[in-house]
Amino acid sequence: MTDFTMEKGADGVAVITWDTPNKSMNVMNMEAWPMLDGLIDDALSDDAVKGIVITSGKEGSFAGGMDLNVISKMKDMAGDDPARGLFDGLMNMHSILRKIERGGMDDKNKGGKPIAAALPGTALGIGLEIPLACHRIFAADNPKAKIGLPEIMVGIFPGAGGTTRLVRKLGAMAASPLLLQGKLNEPKKAKSAGVVDEVVPADELLTKAKEWVLSEPSIVKPWDEKGYKMPGGAPYHPAGFMTFVGASAMVNKETQGAFPAAKALLSAVYEGALVPFDTALKIEARWFTNVLMNPSSSAMIRSLFINKEALEKGANRPDVPDQKVRKVGVLGAGMMGAGISLVSAMAGMQVVLIDQKQEAADKGKSYTADYMDKGIKRGKATEEKKQAALDLITATTDYAALDGCDLIIEAVFEDPKVKAEVTKQALAHVGDDCIFATNTSTLPITELAKASDTPDQFIGIHFFSPVEKMMLVEIIKGKETGPRAVAKALDYVRQIRKTPIVVNDARFFYCNRCIIPYINEGIRMVAEGIAPALIDNAARQLGFPVGPLQLVDETSIDLGAKIARATKAAMGDDYPDEAVDEVIFWMEGEGRLGRKANAGFFDYDEKGKRQGYWTGLEDKYPRAADQPDLIEVQHRLMFAQVLEAVRALEEGVLEDIREGDVGAILAWGFAPWSGGPFSWLDIIGAPYAAERCDQLTEKFGPRFTTPDLLRELAEKNQGFYARFGTEADQAA
């Protein structure tokens, strides 16, 4: 089998079909490029061929993107000069796509054969860049299809001409949501945006494409015509000047300069708009090479694409039979339980939602109705889908309704006694093989499992709020949790289309263990008289979505105080955060509980909008005359987190560094450009990390002590992925 085949029809149309072997969706690999090139040459040189249609042999999709092994292979093409290998490989791709775009025309735009792309469905990345080089794009009317260029989401940008062609086709302003945000559209919206040219019934796709090819259309692209003007204006045009100034401001506002790909993309667009098209392609290739040579790019691709996908496919799933969930019981109809019910019903499971009072259970079910109503208003859902989801949810106070459930998820108040009580009540009404999961962010799973007679069937599932929006689920194994319980939890998370990580039981598990020091370090700095704006902005310039002070306002200060008291009671003299508690308990006493109280580290207006930092902070903790430099603040915030990740790995809480990196990015937005805590340590190097820890320890105390594992890697000049990564990790 091959990736590309061609059939020359009696009507004079050559149909090139893309069908990657052993893949559910086409991906462009290194071997496929010369196949496509050869077939294009064959069709263009054959006098019997009047035109070409490029389509897919996959039902419902055109292509899902590039095989990332292409990048590593291109790096190897020029021996010890990977940048040259990348650039030359990219320019070869450009030459093939430019050949398609020119269609055999001479330098006077005469002659040539029309080439149409016929997309049965999803077309992403290179799967859209190839069609953009064609003369007309036909898309099947497939509402489930996604069309776009999502590369920016994994730390790169469209580098096979997609950036240059889309900007010239739509203009910089109209192209920006697709390029800078990775926005994906279904076919009709893609047509409205100007990305595709025609949307036709799926069963007429090839027919319509062939009809167009045989209609003797003009095939010269606008940018190959004399006198071409970019839509919206080029950078030197008054309107275009304002667009590019605004785009630069927008990119820096959104990224705070932390994401190399966004800056490189904008540079490629701006510089490319000043020169002829073929020169613009070379500029795009240079900037794309620049991004690919940046370690941030490799780290993001590895964590947000390769490793995320591996975890979702069950990389660490025990070898036990399928544990698909058919009926799930949810105990507690509060915010968390309501969210769990929503995502479970939307995945097609029967749901029994239980609370103490029927009114509370009904309110929990109404959360799904409200969510679907919002979707209907945005055109994302229908009344039929809403009713189907509601029909799957039974809201009740009767534990007997749990009969037949193969998974129970308890989501009641964070009190061990309350959890133990509902656990026993629920288990009395289910079969012997039902898996019981507790949703908790702090309570030890091993202790909670004592409420069950079958602790091997007891597991922790830590959802993040709001459940329907947050993509990570942290699965926690107690000391006696068995493999079937782990498999059940993983299969359930796959059903609700989220990303799982599996960790072992320990205080705060993994995610909260790392995020609490981040918050605490920010609060310590407030007590030291460091400007709150410096603290939060330092974090945002590292790529965090919010700074530690804003984050604690969002999660609530009284929750932080509650966790602090419980932790202090458990740790006794070993408790390390007295300096933090002074601030938190004082603010709690002042009624400054965060956004929910319209008063926290920030002041808020009556609608809950932040109005600036509360001036009372400076009255209580006067501003220090000498403020630290930005890098010192950033290093305190970063090392506070990454050292906990390393300790979690040392202690066996984490069993896989891939889960540590993916979990950090998805759970609390750990500097996505870095690829996660372990990837960041690899970027800066273990020797430097250990040296910096020693400096921070000397200045700020033992919380920055270099873990033994990091010290060992530093002495060997070894990285975490070199030591603990898979072959796929190292190839990335």
Side-chain angles (χ1 to χ4, degrees), residues 249-250 252-258 334-336 414 441 464-466 469-470 512 515-567 577-630 632-634 636-638 640-641 667-671:
M250 181 189 76
N252 281 284
K253 176 179 181 293
E254 294 298 321
T255 69
Q256 295 289 307
M335 188 74 167
M336 194 64 74
E414 288 278 277
S441 58
F464 296 83
S465 184
K469 290 184 180 179
M470 299 297 286
N512 279 339
I515 197 171
I516 289 173
Y518 169 63
I519 291 172
N520 285 352
E521 199 63 30
I523 296 172
R524 285 176 189 273
M525 288 191 243
V526 169
E528 293 169 17
I530 297 175
L534 172 57
I535 299 165
D536 275 348
N537 287 332
R540 292 183 64 235
Q541 288 181 27
L542 282 167
F544 288 86
V546 295
L549 305 182
Q550 184 180 341
L551 181 58
V552 76
D553 260 19
E554 298 292 340
T555 56
S556 85
I557 287 166
D558 52 328
L559 174 61
K562 179 183 176 183
I563 291 173
R565 291 188 180 97
T567 306
D577 293 320
E578 296 283 0
V580 178
D581 292 352
E582 178 190 335
V583 180
I584 285 292
F585 294 161
W586 169 69
M587 291 191 70
E588 181 188 38
E590 293 290 314
R592 310 280 309 183
L593 305 183
R595 180 187 284 277
K596 69 179 185 181
N598 269 12
F601 284 100
F602 289 86
D603 284 323
Y604 298 85
D605 64 18
E606 63 278 1
K607 294 181 179 179
K609 184 178 180 180
R610 289 189 304 278
Q611 299 296 297
Y613 292 97
W614 177 43
T615 55
L617 279 175
E618 192 169 349
D619 295 336
K620 177 71 172 179
Y621 300 103
R623 191 75 48 85
D626 293 325
Q627 294 289 304
D629 65 42
L630 175 67
E632 180 176 282
V633 174
Q634 290 181 326
R636 288 179 66 176
L637 294 173
M638 286 292 268
Q641 301 167 76
W668 71 93
F670 181 95

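These figures come from a predicted structure and were not determined experimentally.
Applying the salt bridge (charged side-chain N to carboxylate O under 4.0 Å, His left out) test to pairs two or more places apart or on separate chains, those with a residue in residues 611-628 are E618-R623. Identified under the side chain to side chain donor-acceptor pair (under 3.5 Å) test for residues 544-555, with sequence neighbours left out: D553-Y604, E554-R595.
Checked against salt bridge (charged side-chain N to carboxylate O under 4.0 Å, His left out), D558 has the following partners two or more places apart in sequence or in another chain: K596. Considering only residues two or more places apart in sequence or on other chains, W668 meets the ring-ring contact (aromatic ring centres under 6.0 Å, His included) condition with none of them. The ring-ring contact (aromatic ring centres under 6.0 Å, His included) test applied to F544 returns Y518, F670, not counting sequence neighbours. Under the side-chain hydrogen bond (donor to acceptor under 3.5 Å, both in side chains) criterion, E588 pairs with R565, sequence neighbours left out. Residues satisfying the side-chain contact (heavy atoms from CB on, under 4.5 Å) criterion with L559, sequence neighbours excluded, are S556, I563. Contacts of E606 classified as side-chain contact (heavy atoms from CB on, under 4.5 Å), with partners at least two apart in sequence or in another chain: none. The side-chain hydrogen bond (donor to acceptor under 3.5 Å, both in side chains) test applied to R610 returns no partner, not counting sequence neighbours. Remark: N537 pairs with no residue by the side-chain hydrogen bond (donor to acceptor under 3.5 Å, both in side chains) rule, at least two apart or across chains. For E528, the salt bridge (charged side-chain N to carboxylate O under 4.0 Å, His left out) test picks out R636, with sequence neighbours left out. With sequence neighbours excluded, the residues that form a side-chain contact (heavy atoms from CB on, under 4.5 Å) with A527 are V583, Y621.
The structure places CD of E582 at 11.5 Å from CD1 of I523, a figure rounded to the nearest 0.5 Å. Atom CG of N520 is separated from atom CD of Q641 by 11.0 Å, given to the nearest 0.5 angstrom.
Closest approach of G669 and P545 over heavy atoms only: O-CD, 3.3 Å. Nearest heavy-atom pair, A539 versus G547, reported as atom, atom and distance to 0.1 Å: CB-CA, 3.8 Å. Closest approach of I519 and P548 over heavy atoms only: CA-CB, 3.9 Å. Nearest heavy atom pair, residue L549 against residue P532, reads CD1-CB, 3.6 Å. Nearest heavy-atom pair across D581 and A564 is OD1-CB, 3.4 Å. Nearest heavy-atom pair across I584 and G560 is CG2-C, 4.3 Å.
Between the Q627 side chain and the G529 main chain, a donor and an acceptor come within less than 3.5 Å of each other. Of the possible polar contacts, none joining the E521 side chain to the L637 backbone as a donor-acceptor pair under 3.5 Å is found. In terms of modelled atom types and a separation under 3.5 Å, the side chain of D603 and the main chain of Q611 share no donor-acceptor contact. Put simply, the side chain of R592 never gets that close to the backbone of A597: no donor and acceptor are under 3.5 Å apart.
Side-chain contact between D536 and F601 is absent, with no heavy-atom pair separated by less than 4.5 Å.
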>> The test is side chain to side chain contact (heavy atoms under 4.5 Å, CB included); show your working for M587 and L617 and say whether it passes.
In response: CA-CA 9 Å; M587 291 191 70; L617 279 175; 4.2 Å; yes

